[in-house]
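Have a look at the structure below, then the notes.
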Amino acid sequence: MLATPPDFDVLIVGAGISGIGMAAHMQMKAPNHTFAIVERRENLGGTWDLFRYPGIRSDSDMHTLGFDFEPWRHEKTIADAPAILEYLNKIVDDRNIRERIRFGHKVISANFREDEARWHVEMELGDGSRTQLTANFLYLGSGYYDYDEPHDAGFELGEFEGQVIHPQFWPKDLDYTGKKVVVIGSGATAVTIVPSMSDKAEKVTMLQRTPTWMFARPAKDGMANFLRKILPERVAYAITRFKNIRFQDFAFKQARNKPDKVKEALFKGIEKSLGPDYDKATFTPPYDPWEQRLCLVPDDDLFEAMKAGKAEIVTDHIEAFEKNGIRLKSGKLLEADIIVTATGLKLAIAGKIAVSVNDEAVDFSKAYYYKGCMYSDLPNLAVVFGYINASWTLRADINSDYVCRILNEMRNSRTNIANPVMTPAINATIQDEDIFADFSSGYLERSKDINPKNATEYPWRLNQEYVLDKKRMASDPVNDGVLIFSRAGANAQNADEQLEAAE
């Protein structure tokens, strides 16, 4: 074991919501531990800095997409990217986190040496050179999708002479004034882009192969804004957050238990926005609500653009791309100057970092999730993969809090390795479950072969039930007989004894 300590106790990868949240939690709950954040981009914010398409906004309310420790102060609860970046920048400046961020550091590989109890992390800098850092613990807040490469829908663009744009790589200062725009896709990105471009474009058409369940709600939370006027800021935020979390949980369970009732409510909402003569088939997916995420329409913006004749939704399949537009299977030609391919993201595990233990590559598809936070037999590493049926930050908060508990346990027990050990006895009885069995979204289906495994029983799973997870992560003992604490070199034998006891 090396006599010198690692560069940092914790190295946080990514300066987006997950990474910033972990840094803030460490300052509050593990203040005696050192940390740094490495970020591949030149700005913080992650998703909210990367995507620049018109209207980019949250599709979750900011009282749950915001952190549990930092109230959301804006009037609009459905916020655009600039407001979210302002929120994140305030946190890093108020808490002196910015000085801990190393921008322009893209993590290439990370190798954990058990004899040293430290990660050796190699990074590429902006000029192409390489540098290294070491850390006892690695926290991956690098998101869930491929920053470099979006999903390729395999379109043969043929003779089309206009511009083709993917939302992940939106060109700066794109002028679409008076242009005919076709947005291919029906997910949250398309539902955001269509009304946002309709103010300047001649016409914006959303071309969908399959409809998506949609619901409208005000961008402002009236109750939240009222409570802020009569109560201390943090109290008002806590009440609104509690309300919205419970509503999310209730709505999801209603969709699971009474899908027909939820469908009826969604149809009534659309009828209220578009009138009784709306085309119901355009808004009727071939699956139940919450088998894929519902698409939010804040302040009826999409529906208002449709009523004004500035936007339309067409359900059809693509036959071919022609010189001036898209020929559909029905024979109709959708004229287009600009085509936006909002066809989805490509998932990436662990930020595409080459992770290894003792120089042996880790295959994440063979590992099991542990409490939705760590992976089986992978020491001193935690990750954030947010909720599909609720706000991303809800998981980021509870995972950050849990890792702080692990760090404090390691310090108190004078250990430096924490490993969720999948013993032969556990492995012999474990039952697998499709990690996204209840969700049919394309980006999830496409990633099944690279995702870690999911068991039917806790703790070897990635749950989709925040209320239960929060209670477990906060109250269950960290030293649970599965997460094995040991010390490199000094008490390796003791660690073996602990493993034997755990079996």
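Everything numeric here is computed off the predicted structure, so don't read it as measured data. Side chains included, hydrogens not; waters and symmetry mates left out as well; all remaining heavy atoms used.
The two residues L140 and A350 make their nearest non-hydrogen contact at CD1-CB, 3.7 Å. Of all the heavy atoms in P259 and R256, the pair that sits closest is CD-O, 3.9 Å. Pairing each heavy atom of T212 with each of G187, the nearest pair is OG1-N, 4.4 Å. Considering every non-hydrogen atom in both K203 and G309, the closest pair reads CD-O, 3.4 Å. Pairing each heavy atom of M197 with each of Y176, the nearest pair is O-CE1, 3.4 Å. Residues D469 and R395 approach most closely at OD2-NH1, 3.5 Å, considering heavy atoms.
Side-chain contact between I313 and D279: absent, with no pair of heavy atoms (C-beta onward) separated by less than 4.5 Å. Counting only heavy atoms from C-beta outward, the side chains of Y139 and F35 never approach each other to under 4.5 Å. Side-chain contact between W48 and I56: present, with at least one pair of heavy atoms (C-beta onward) separated by less than 4.5 Å. Using a 4.5 Å heavy-atom cutoff, the side chains of R228 and N225 are in contact. You'll find the side chain of E39 stays beyond 4.5 Å of the side chain of L44, heavy atoms only. With a 4.5 Å cut-off on side-chain heavy atoms, Y287 and W213 count as touching. Between Q292 and T210, every side-chain heavy-atom pair lies at or beyond the 4.5 Å cut-off. Residues C373 and N399 have side chains in contact (heavy-atom distance under 4.5 Å, counting atoms from C-beta outward).
Ion pair R73/E70 flagged as a salt bridge, since at least one NZ, NE, NH1 or NH2 atom sits closer than 4.0 Å to an Asp/Glu carboxylate oxygen. The existence of a salt bridge linking R293 and D59 is confirmed by a sub-4.0 Å separation between a basic side-chain nitrogen and an acidic carboxylate oxygen. In this structure, K323 does not pair ionically with E159, as no charged nitrogen and carboxylate oxygen lie closer than 4.0 Å. Ion pair K346/E149 flagged as a salt bridge, since at least one NZ, NE, NH1 or NH2 atom sits closer than 4.0 Å to an Asp/Glu carboxylate oxygen. A salt bridge does not link K243 with D61: none of the charged nitrogens is closer than 4.0 Å to a carboxylate oxygen. Using a cutoff of 4.0 Å between basic side-chain nitrogens and carboxylate oxygens, D49 and R41 are scored as salt-bridged.
No more than 12 heavy atoms of other residues, nucleotides or ligands shown are found within 6.0 angstrom of NZ on K200. For CD of E99, the number of neighbouring non-hydrogen atoms (other residues, nucleotides, ligands) closer than 6.0 Å is greater than 12. K76 NZ: 12 or fewer foreign heavy atoms inside a 6.0 Å radius. Around the CZ atom of F242, the shell of radius 6.0 Å holds no more than 12 heavy atoms that belong to other residues, nucleotides or ligands.
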Legend entry - Working for side-chain hydrogen bond (donor to acceptor under 3.5 Å, both in side chains), residues Y147 and S142: CA-CA 10 Å; Y147 271 50; S142 46; over 6 Å; no

Inset, instruction - Could you please spell out the steps behind the ring pair (Phe, Tyr, Trp, His ring centres under 6.0 Å) verdict for F67 and H25? - result: CA-CA 10 Å; F67 297 108; H25 276 276; 7.4 Å; no

Legend entry - Candidate pair Y375 and Y369, rule ring pair (Phe, Tyr, Trp, His ring centres under 6.0 Å), full reasoning: CA-CA 5 Å; Y375 300 115; Y369 269 106; 5.2 Å; yes

Inset, instruction - Before giving the answer on side chain to side chain contact (heavy atoms under 4.5 Å, CB included), spell out for L207 and L328 the whole-Å C-alpha distance, their side-chain angles and the decisive distance to 0.1 Å. - result: CA-CA 10 Å; L207 173 58; L328 304 177; 3.9 Å; yes

Inset, instruction - Go through the steps for F250 and F252 under the test ring pair (Phe, Tyr, Trp, His ring centres under 6.0 Å), then give the verdict. - result: CA-CA 6 Å; F250 171 78; F252 177 74; over 10 Å; no

Inset, instruction - Carefully, step by step, assess Q163 and L174 under the rule side chain to side chain contact (heavy atoms under 4.5 Å, CB included). - result: CA-CA 10 Å; Q163 268 184 293; L174 173 71; 3.2 Å; yes

Legend entry - E264 vs K261, salt bridge (charged side-chain N to carboxylate O under 4.0 Å, His left out): CA-CA, chis, key distance, verdict: CA-CA 5 Å; E264 184 181 343; K261 187 174 182 179; over 6 Å; no

Inset, instruction - Before giving the answer on salt bridge (charged side-chain N to carboxylate O under 4.0 Å, His left out), spell out for E75 and K220 the whole-Å C-alpha distance, their side-chain angles and the decisive distance to 0.1 Å. - result: CA-CA 6 Å; E75 189 178 27; K220 298 177 183 178; 3.4 Å; yes

Inset, instruction - Kindly indicate, with the supporting measurements, whether the criterion side chain to side chain contact (heavy atoms under 4.5 Å, CB included) is fulfilled by N389 and Q248. - result: CA-CA 8 Å; N389 58 359; Q248 285 177 0; over 6 Å; no

Inset, instruction - Test side chain to side chain contact (heavy atoms under 4.5 Å, CB included) on Q168 and L345 and set out the steps. - result: CA-CA 8 Å; Q168 192 165 326; L345 302 168; 3.4 Å; yes

Inset, instruction - Take D300 and K307 through the salt bridge (charged side-chain N to carboxylate O under 4.0 Å, His left out) test and state the conclusion after the steps. - result: CA-CA 10 Å; D300 281 355; K307 286 192 292 185; 5.8 Å; no

Legend entry - Audit row: W392, Y387, ring pair (Phe, Tyr, Trp, His ring centres under 6.0 Å) steps and yes/no: CA-CA 5 Å; W392 179 277; Y387 289 96; 9.3 Å; no

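Checked by atom type, the side-chain pair Y53/T192 shows no donor-acceptor distance below 3.5 Å. Using modelled atom types and a 3.5 Å distance limit, the side chains of D316 and S330 yield a donor-acceptor pair. In the model, Y368 has a side-chain atom that pairs as donor or acceptor with a side-chain atom of D432 under 3.5 Å.
Rounded to the nearest 0.5 angstrom, R40 CZ and H105 NE2 are separated by 14.0 Å. Here L462 contributes atom CG and K453 contributes atom NZ; the two are 16.0 Å apart, rounded to the nearest 0.5 Å. Between atom CD1 of residue I245 and atom CG of residue L394 there is a gap of 5.0 Å, rounded to the nearest 0.5 Å. Once rounded to the nearest 0.5 Å, the distance linking CD1 of I326 with CD of E319 reads 12.5 Å. Here OH of Y402 is found 15.5 Å from NZ of K470. Values are rounded to the nearest 0.5 Å. Going from atom CG of N463 over to atom NZ of K371 covers 11.5 Å, rounded to the nearest 0.5 Å.
The closest donor-acceptor contact from the side chain of D337 to the backbone of K180 lies under 3.5 Å. With hydrogens and angles disregarded, a donor-acceptor distance shorter than 3.5 Å links the side chain of R461 to the backbone of A455. A donor-acceptor pair under 3.5 Å is formed between the side chain of D363 and the backbone N or O of S365. At least one donor-acceptor pair closer than 3.5 Å links the side chain of K310 to the backbone N or O of A201. With R241 contributing its side chain and H63 its backbone, the two residues share a donor-acceptor pair below 3.5 Å. At distances below 3.5 Å, at least one donor-acceptor pair connects side-chain atoms of D397 with backbone N or O atoms of D68. Of the possible donor and acceptor atoms, one in the side chain of Q464 sits under 3.5 Å from a partner among the backbone N and O of I388.
Taking the six-membered ring for Trp and the full ring otherwise, F385 and F364 have centroids separated by 6.0 Å or more.
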